[in-house]
Amino acid sequence: MNRRPRPRKERGHSRVGDRFEAVVGPVAHGGHCIVRLPAPESRVVFTRHALPGERVVVEITEGTDGDRFWRGDVVSVLDDSPDRVAAPCAVAGPGLCGGCDFQHVTLPSQRALKAAVVSEQLRRLAGLELAVEVEAVPGDEDGLRWRTRMQWATASTGLRGLRAHRSRRVVPVDDCLIAQISAREPTPGPVIVETVLGVDFLVEPDGFWQVHPGAPAVLVSTVLSLLSPQPGERVLDLYAGVGLFARFLADAVGPAARVVMIEGDRKASQHATENLASHAGAVVECGSVDRVLAAAYDETFDLVVLDPPREGAKRTVVEQVVARAPRAVAYVACDPAALARDVAIFAEHGYRLETIRAFDLFPMTHHVECVALLTRSGPDAN
């Protein structure tokens, strides 16, 4: 969950450690809120461990006199929000474990903050005014013990734990409260079998698979509901992984219908072939999505599933998708900013965002999963 910060050049006197009293502004994408310091500092401070409307003391954790913005942590709350709670984890706080962003927030308010971020990104990057609701996943009552895979960090001393926010420093963690007690560390070994809605999928132990146990079924059900696949329709599944969406879509469109999957990871592609072995019309292509589409499968597809990495599909892939004239595209996104940028590109080519659903697949963190339905508008639409 933690991104390693890029090396940065110092531009003036460091302000790290300086403290300011301030009122917290709105939530922003990335697990922090916006604090605007008045003159003479006149800076935006992206502030963690805050809630909108609170009066707090912010300590600067990154920033110099020459930077346009600073980063900070709330080290004291003077007037707290009614949505603030005591973090259940002892290492969730300023300077401690960076894995969780919102342990200090009630679970319903966490979802409201995420919904606000999704709406803001769509408004700012795609020019769309949409109300968004972040839905709880069935079986997730308290936002804890949901993570089925963990990547532990180990310090040079042999100490095991998790990293501090935007740091290589390892914070000792005996028990991560968002991890399932039986959470496994992916290591090379036997292939894992994951079961979704009664269907088994072969997955590498260290291969991509949703870490929330309720995620695959929720996402599959949502994609099927939004796309409403019909017998005989042609399906293109991009960034297909081990064929999670393609398998259920193949069942819906029938054994004779054409289903093409493209996936960059070789082992995942091999498993996708096995996972869809019962569907005679399924084709699995291993390779970069943009390169494969530039060279092959230049035909019309009725339905497309896009489940790109965090940076999104980007213009090249979006334009390759619309060139195949699907009646509907289901876009599964783990980053609302990337989704909004791609939605704007789709709009340039006559596809509108018809529906968006958002799910709290990563409680206690700022991450949120969205499923968007894009359909053709205008006289050529079905």
request  = Spell out, as yes or no, whether a donor-acceptor pair under 3.5 Å connects the side chain of Asp200 to the backbone of Val193.
outcome  = no
message = Less than 4.5 Å apart, side chain to side chain, heavy atoms only: is that true for Phe208 and Val203?
response = no
message = Please determine whether residues Val218 and Ile356 belong to a single hydrophobic cluster, defined as Ile, Leu, Val, Met, Phe, Trp and Tyr linked transitively by side-chain heavy-atom distances below 4.5 Å.
response = no
inquiry  = Checking the side chain of Arg147 only, and the main-chain atoms of Arg149 only, is there a donor and an acceptor separated by less than 3.5 Å?
reply    = yes
request  = Consider only side-chain N and O atoms of Ser228 and Gln230, and report whether a donor and an acceptor are under 3.5 Å apart.
outcome  = yes
ask   = Would Thr316 and Asp290 satisfy side chain to side chain donor-acceptor pair (under 3.5 Å), going step by step from the backbone distance to the final call?
value = CA-CA 7 Å; Thr316 298; Asp290 57 342; 5.6 Å; no
ask   = Is there a path of hydrophobic side-chain contacts, each under 4.5 Å between heavy atoms of I, L, V, M, F, W or Y residues, that connects Leu244 with Leu227?
value = yes
remark   = Closest non-hydrogen atoms of Ile262 and Gly287, given as atom of the first, atom of the second and distance, are CG2-O, 3.7 Å
request  = With rounding to the nearest 0.5 Å, note down the distance linking CD1 in Ile178 to CG in Asp142.
outcome  = 12.0 Å
message = Quick test of your reading of the model: are Arg291 and Glu285 salt-bridged, counting only N-O distances below 4.0 Å?
response = no
task = Look at the aromatic rings of Phe46 and Phe69 and report parallel, tilted or perpendicular, splitting at 30° and 60°.
result = perpendicular
task = Output yes when a side-chain donor or acceptor of Glu41 lies under 3.5 Å from a complementary backbone atom of Arg43, and no otherwise.
result = no
message = Donor-acceptor pair, distance only, cut-off 3.5 Å: does the side chain of Asp67 make one with the backbone of Trp70?
response = no
task = Using the six-membered ring wherever Trp is involved, compare the ring planes of His366 and His29 and label them parallel, tilted or perpendicular (cut-offs 30° and 60°).
result = perpendicular
note = Applying ring-ring contact (aromatic ring centres under 6.0 Å, His included) to His212 and not counting sequence neighbours gives Trp146
ask   = Is a side-chain N or O of Ser221 found less than 3.5 angstrom from the main chain of Leu219, in a donor-acceptor match?
value = no
request  = Give the intermediate values and the outcome of side chain to side chain contact (heavy atoms under 4.5 Å, CB included) for residues Val91 and Val173.
outcome  = CA-CA 8 Å; Val91 293; Val173 177; 4.1 Å; yes
query = Does any N or O in the side chain of Thr148 come within less than 3.5 Å of the main-chain N or O of Val211, such that one atom is a donor and the other an acceptor?
reply = yes
query = Passes salt bridge (charged side-chain N to carboxylate O under 4.0 Å, His left out), Glu299 versus Arg258? Steps please.
reply = CA-CA 11 Å; Glu299 59 197 83; Arg258 185 155 168 79; 2.7 Å; yes
ask   = Is the shortest heavy-atom distance from the side chain of Val235 to the side chain of Val260 under 4.5 Å?
value = no
ask   = Charged N to carboxylate O under 4.0 angstrom, Asp302 versus Arg234?
value = yes
message = The test is side chain to side chain contact (heavy atoms under 4.5 Å, CB included); show your working for Arg247 and His279 and say whether it passes.
response = CA-CA 8 Å; Arg247 171 58 193 271; His279 188 80; over 6 Å; no
key: Taking every non-hydrogen atom, the tightest pair across Cys286 and Gly264   = SG-O, 3.8 Å
message = Quick one: does any side-chain atom of Lys114 pair with a main-chain N or O of Val134 as donor and acceptor, under 3.5 Å?
response = no
ask   = Are side-chain heavy atoms of Pro229 and Leu224 found at a separation under 4.5 Å?
value = yes
inquiry  = I need the Ser269 OG to Glu274 CD distance, nearest 0.5 Å.
reply    = 11.5 Å
message = For Thr375 and Glu354, which I'm curious about, is there any donor-acceptor pair between the side chains at under 3.5 Å?
response = yes
inquiry  = Looking at Arg166 and Glu62, is any side-chain nitrogen of the basic one under 4.0 Å from a carboxylate oxygen of the acidic one?
reply    = yes
query = Do Leu113 and Val44 share a hydrophobic cluster (ILVMFWY, side-chain heavy atoms under 4.5 Å, transitive)?
reply = no
query = Does the distance from a Lys or Arg side-chain N to an Asp or Glu carboxylate O, for Asp65 and Arg15, drop under 4.0 Å?
reply = yes
request  = Using the rule that two of Ile, Leu, Val, Met, Phe, Trp, Tyr join whenever any of their side-chain heavy atoms come within less than 4.5 Å, decide whether Ile345 and Leu130 are in one cluster.
outcome  = yes
query = Is a side-chain donor or acceptor of Asp140 paired with a backbone partner of Val137 at a separation under 3.5 angstrom?
reply = no
query = What's the shortest heavy-atom distance between Gly312 and Pro308, and which atoms?
reply = C-CB, 3.6 Å
inquiry  = Please determine whether side chain to side chain contact (heavy atoms under 4.5 Å, CB included) holds for the pair Val283 and Tyr297, giving the CA-CA distance in whole Å, both sets of side-chain angles, and the decisive distance to 0.1 Å.
reply    = CA-CA 11 Å; Val283 176; Tyr297 308 108; 3.5 Å; yes
For residues 71-79, which side-chain N or O atoms pair as donor and acceptor with protein atoms under 3.5 Å away, sequence neighbours left out?
unit_1	atom_1	unit_2	atom_2	d
Asp79	OD2	Arg55	NE	2.8
Asp79	OD2	Arg55	NH2	3.3

inquiry  = Return the OG to CZ distance between Ser377 and Arg352, rounded to the nearest 0.5 Å.
reply    = 5.5 Å
Side chain proximity check, Phe362 to Phe102, heavy atoms < 4.5 angstrom = no
query = Roughly how far, to the nearest 0.5 Å, is NE2 of His49 from CZ of Arg84?
reply = 9.5 Å
query = More than 12 non-hydrogen atoms from neighbouring residues, nucleotides or ligands closer than 6.0 Å to CZ on Arg169, yes or no?
reply = yes
query = Is there side-chain contact between Val304 and Tyr331, with at least one heavy-atom pair below 4.5 Å?
reply = no
ask   = With side chains defined as the heavy atoms from C-beta onward, is the minimum distance between Pro216 and Phe201 less than 4.5 Å?
value = no
key: Donor-acceptor under 3.5 Å (Asp237 side chain, Leu306 main chain)   = no
ask   = Can you name the closest pair of heavy atoms from Val305 and Val223 and give their distance?
value = CG2-CG1, 4.1 Å
ask   = Can you tell if the side chain of Leu303 reaches within under 4.5 Å of the side chain of Leu236, non-hydrogen atoms only?
value = no
inquiry  = Is the shortest side-chain heavy-atom distance between Cys176 and Leu162 below 4.5 Å?
reply    = yes
message = Assess the residue pair Val368 and Val118 against the criterion (side chain to side chain contact (heavy atoms under 4.5 Å, CB included)); give the C-alpha distance rounded to whole Å, side-chain angles, the decisive distance to 0.1 Å, and a yes or no.
response = CA-CA 9 Å; Val368 59; Val118 176; 3.9 Å; yes
request  = Spell out, as yes or no, whether a donor-acceptor pair under 3.5 Å connects the side chain of Arg48 to the backbone of His32.
outcome  = no
task = Look at Arg111 together with Glu135 and state whether they make a salt bridge at an N to O cut-off of under 4.0 Å.
result = no
ask   = To the nearest 0.5 Å, what is the distance between NE2 (His104) and OG (Ser81)?
value = 8.5 Å
ask   = From Arg324 CZ over to Asp298 CG, what is the distance, rounded to the nearest 0.5 angstrom?
value = 5.5 Å
query = Are Val292 and Val317 co-members of a hydrophobic cluster defined by side-chain heavy atoms under 4.5 Å apart?
reply = yes
Step-by-step salt bridge (charged side-chain N to carboxylate O under 4.0 Å, His left out) determination, Glu348 to Arg315 = CA-CA 11 Å; Glu348 295 174 14; Arg315 180 171 294 276; 2.9 Å; yes
